[in-house]
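The chain is numbered in sequence order, starting from 1.
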Amino acid sequence: MRRLVNYYQQDRDLAVQEGKTLGKNEEGSLLVIKLLIKRFKNINPEVTQKIQQLSLEKIEELAEALLDFNQYQDLENWLQQNQ
């Protein structure tokens, strides 16, 4: 019985961690999308979808890179190189 409880606890802990990671990804991608809309006024829905599919690490890289973007094409180029 004790082993079963340990397995349950491990599964629960893993699920909680995955939920936290997904939440961070969503928050990060939404913030980056808001910043990009502020900068370029409009974003293609396909580009938005690509951003939402990025890992947390890539979202952080994009957040830093967008400070150097001068035109919308810079964003599209970055996404092509970082998929």
Between Gln73 and Asn77, a side-chain donor and acceptor under 3.5 Å: yes
Residues Val47, Leu79; criterion side-chain contact (heavy atoms from CB on, under 4.5 Å); working and verdict: CA-CA 8 Å; Val47 170; Leu79 287 170; 3.5 Å; yes
Approximate separation, where rounding is to 0.5 Å, of Asn42 CG and Asn44 CG: 8.0 Å
Leu36 vs Ile51, side-chain contact (heavy atoms from CB on, under 4.5 Å): CA-CA, chis, key distance, verdict: CA-CA 11 Å; Leu36 289 166; Ile51 293 170; 3.6 Å; yes
Shortest non-hydrogen separation from Ile43 to Ile33 and the atoms involved: CD1-O, 3.8 Å
Closest non-hydrogen atom pair, Ala63 against Val32: CB-CG2, 3.8 Å
Which atom of Phe40 lies closest to which atom of Phe69, heavy atoms considered: CZ-CB, 3.9 Å
Spatial distance of atom NZ (Lys34) from atom CG (Leu30) [nearest 0.5 Å]: 6.5 Å
More than 12 heavy atoms of other groups within 6.0 Å of Glu64 CD: no
Nearest-0.5 Å distance that lies between atom CD in Glu57 and atom CG in Leu62: 12.5 Å
Min side-chain heavy-atom separation Arg39-Tyr72 under 4.5 Å: no
Atom pair CG/CD of Leu54 and Glu60 - distance to nearest 0.5 Å: 11.5 Å
Lys58 versus Asn82, closest heavy-atom pair with distance: NZ-OD1, 3.1 Å
